[in-house]
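Since the structure comes first, as structure tokens, the remarks are kept for the end.
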Amino acid sequence: MADITELIHDYLRHNKKFPHVFCAGCGHGIVLGALIRSIHALGLSKDEVCIVAGIGCSGRIAAYVDFNTVHTTHGRALTFATGIKMANPKLKVITIMGDGDAMSIGGNHLIHAARRNIGVTALVLNNNIYGMTGGQCSATTPQGATTQTTPFGQMEKAFDIVTLAAAAGANGVYRGSTFHVNMLDRLVATAIERPGFNLVEIITPCHTQYGRKNKYKSAVDMFKWIKKNCVPKEKFDALPEADRGEKMPIGTFVEKDHKGLEQLYGELQARLNRPGRPVAEPEQPSAQHAEESRNIMNKEPK
Amino acid sequence: MTKKAKGQTEITIYPDWCKGCGICVEFCPAKVLALGRDGKARVARLDECINCGFCERHCPDFAIVVRGKGRKRRAPACAENGETPVDKE
Amino acid sequence: MAQKKSKQRKAVFALGNEAVVEGALLAGCSFYAGYPITPSSEIMEVMAARLPRSEDGVFIQMEDEIASMGAIIGASLAGRKAMTATSGPGFSLMQENLGFACMTEVPLVVVNVMRGGPSTGLPTSPAQGDVQQARWGTHGDHPVIVLSASDVRECLEMTITAFNFAEKYRTPVILLLDEITAHTREKIELPEPGELEIVGRSYPTVPPEWYKPYEDTMRGVSPMPPIGSGYRHHVTGLTHDVLGFPTQRPDEVKAIMERLFRKIDQFYPDIMLVEEYMTEDADIGVVAYGSVARSAELAIDMAREQGYKAGLIKLKTLFPFPKPFVNRLAARCSRIVVPEMNMGQMSREVKRVAARTTSIRTVNRIDGQIITPTQICKAITQG
Amino acid sequence: MKTAQELNRFEIRLSGTGGQGIITLGRILGGGLALGMGYHVTQTQSYGPEARGGASRSDLVVSSRRISYPKTESIDLLVALSQEACYAYYRFIKPGGVLLVDSGLVRQTPSNVFLGLPFTDLTVRKLKVPQAMNVVVLGALTWLLPFAEARVMKQALRDSLPPKLHELNLKAFQLGYSEARKAFDPHEAWTPKPDDDDGDERIVL
């Protein structure tokens, strides 16, 4: 049972200042721990792991951990990750995004990454709020919740990340919580190991910006809320509709075995470049076709 | 869950890293930890520790280390150093 | 036809857009991400056919231009020479990530085939309205390298130059074409690989523990290892210290920002490219770029026939603005004519450096039509 | 056998309706003149909404010297394969320039001085493949243009089309070439006429 924290220390950047910037009791540190343990359990070397983070509190995680790390622009982590994965499919590319990152400004990138099934693992740290910018409502803020920009209560409905990712075609969809860490370790490791696009929504508390305004004064209050309301999927499914209330299921939601885009592309390339295959006149056909189709079809230029 | 032996551990808390969030104190099943006057976590009842690992896994600041009694800090065990990764389960 | 004999260089009758692809592949581009938009789409279409056929070429169509920029930055960080191509509206969407590439010093090439704007504007007509956007489009203050091409051969050459500058100065490079240049077909001879100077990426020469990703060097450009090569550093769009970690310390911020400028500033003579036509004895000057420079060349011929000593500076580098060349022309000319397919974006620069020396006349057009040689000739010859 | 001749900005506009293969025609003709005959050639074309359904066009400038301005200014040869195109571009023909029309589709020409062949009818009748009309025009143009060689143009055709289309297109080329040989005298065509309205109609077929 030992070696949990010391193991984490081995993966932290020793030239980076600790403690990290997160508030006391922020779940992001726990996610970082789970991520490190998962990578360690998979036996991956630090060099083959690339962490791509967006903007927001979650984006800051990248700087602390001794992998290849890229801290990108707001909402765009998955686009950078797609480029990195396609450029070097041997890398294990893991994106860390917040709910604002992944569901609002980067929502389009999320559904397309899922659709094209790029071999990237997406961790969506859902704390129901824009934490770093001061507590404005996000696309996952529950209806009725009070935030800086919904002082009279949120009227809009919240996104269900898991359902959205599944509908968009993700190869693997999981939800974990920062309280149920053993399960989280397992989910994250599975999501990293499997082919194609795998997403883990992680319920993580932000008492500073969300809890404070919504009856959860401290980090402990928020963890109690998570402990009570995150129930394993099997149990949740067995609950009568009336008893579900605020509860949300955690566990495995989708597991498909489609090949990742980078794998399909590699196979295509191998086929096209097989020795003995006649080299087609490359430049002509496509350009010619393009010109013709432009003339014949009613292609609306953007 | 099998009953765990108590008092087989040493606990180190790094005060500079601890932010005193209280998660470890609140959820420790054996009530080993407490918040000190400085607001940081401290070991109150070491003998009650059942080495469940909850505090280590849930400390967002990696500030708590629980070791078997008398054990030294082990060498780094990252895969990059050519060692077999430790099986944690 | 296309000479297939091994000794002879292969010639093709190619669109400007196709020549961009040829240039990119010759320069070692092995990654393209993009989103279709007229009039740049042929670049993407030809890339889609070519890259998968090469050993390690990657082509991917992204969901928008923002994603395209993200993907090529990612690919460049992973060690690839990467590019994208777009047109006006798409270029606007790329600006934020372009700023990221400036800040994190990621080499890449963005081709913008300019069309009429603002907004959807004239999607199939030429314009030169993105000149200042290319210079000042992203937020914050930073230097940029903006190149342009006026014919099909230059499309090939300047694409290679763009890749070379990108690697040499670790910076994004923008290549501005216009619809006419992109959609003109001309014969070009394809250089043999090895015939051209191709600049590669500079890798660290010290062990990983000693590597500082943003260390100042003589050239102001630090070596850049690909992700996965053992140099595990942090890349962030925040202002960072030499190790790449975020910093707000004024002394560290100042150092990195000044270095970003200095790494371009001190190599102006290398970066500023122009071509001069009949300037030796000229007393009326023309400064033009892109397809308009071709109109201007014919206009010079027409004016010379009428007895006017006109000469042309064709700008191949738009930014950093080739000030010394324009200054020299201004010093000898009673007038400088600046024709462009916008309301005066480059003439601002010409005025900035030459307004005190000579008089400047602009010829502007924003109706989606090329400026004709006759129009420019009139501006040269009429009092 | 024609020999290459000195040209100073010979401007051709190929025009018609979207779908007639005007752009491909321009590319093959330009490619042949540039790569096979060794001329400097710029080929530009109309794009977008303009190219759909309505008028479609492809412009070529052919010259022995490097071409500065790539667009056409005053047209030496206008090929109009639709009535609309004929009306739209006739006024850009320079004095002494030549108008070539599909006499089946262009019923009214703005001037009596023009050359015509019913390209579309010919193609449908003789080849049964209406899409090959543009190559029939290419054959006719190769006869008509003093600086285009049939051998070179056929090679250009082969180079830009997939092999399975070679036979049909070479047939189409030959059809256009021989019909034009029967109908036109290139020497006469390129001799400037003093008067447009001398009543000397040269409508053929």
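Letters go in sequence order (proteins before strands), and every chain restarts at 1. Bear in mind the structure is a predicted one, so any value in this text is a computation, not a measurement.
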Closest heavy-atom pair, C:Asp151 versus D:Arg66, reported as atoms and distance to 0.1 Å, is OD2-NH1, 4.0 Å
For D:Ser68 and C:Glu297, the nearest pair of non-hydrogen atoms, with its separation, is CB-CB, 3.8 Å
Nearest heavy-atom approach of D:Glu73 to C:Thr372 is OE2-CB, 4.1 Å
Residues at least two apart in sequence or cross-chain that pass side-chain hydrogen bond (donor to acceptor under 3.5 Å, both in side chains) with D:Arg9, listed by chain then number, are D:Glu11
Per-residue tally against chain D (heavy atom, under 4.5 Å) across C:Ser295, C:Ala296, C:Ala14 peaks at C:Ser295
Inset, instruction - Decide if atom CZ of D:Arg125 counts as having more than 12 heavy atoms of other residues, nucleotides or ligands within a radius under 6.0 Å. - result: yes
Rounding to 0.5 Å, atoms CG (C:Leu15) and CD (D:Gln45) come to a distance of 6.0 Å
Task: Residue pair C:Phe13, D:Leu33: steps toward the side-chain contact (heavy atoms from CB on, under 4.5 Å) verdict - done: CA-CA 10 Å; C:Phe13 190 56; D:Leu33 293 172; over 6 Å; no
Rounded to the nearest 0.5 Å, the OH atom of D:Tyr69 sits from the CG atom of C:Asp301 at a distance of 14.5 Å
Rounded to the nearest 0.5 angstrom, the CZ-CD1 distance for C:Arg294 and D:Ile67 is 7.0 Å
Sorted by chain and number, sequence neighbours left out, salt bridge (charged side-chain N to carboxylate O under 4.0 Å, His left out) with D:Asp76 holds for D:Lys94
Take atom CG in C:Leu196; do more than 12 heavy atoms of anything else shown fall under 6.0 Å from it? yes
Check your understanding: Is the number of heavy atoms from other residues, nucleotides or ligands within 6.0 Å of CD (D:Glu167) greater than 12?
Key -> no
Heavy-atom closest pair (D:Thr42 atom, C:Glu186 atom, distance to 0.1 Å) is CG2-OE2, 3.3 Å
dist C:Lys187:NZ -> D:Met37:CE (nearest 0.5 Å) comes out at 11.5 Å
When the 4.5 angstrom heavy-atom criterion is applied to C:Ile371 and chain D, the contacting part is backbone
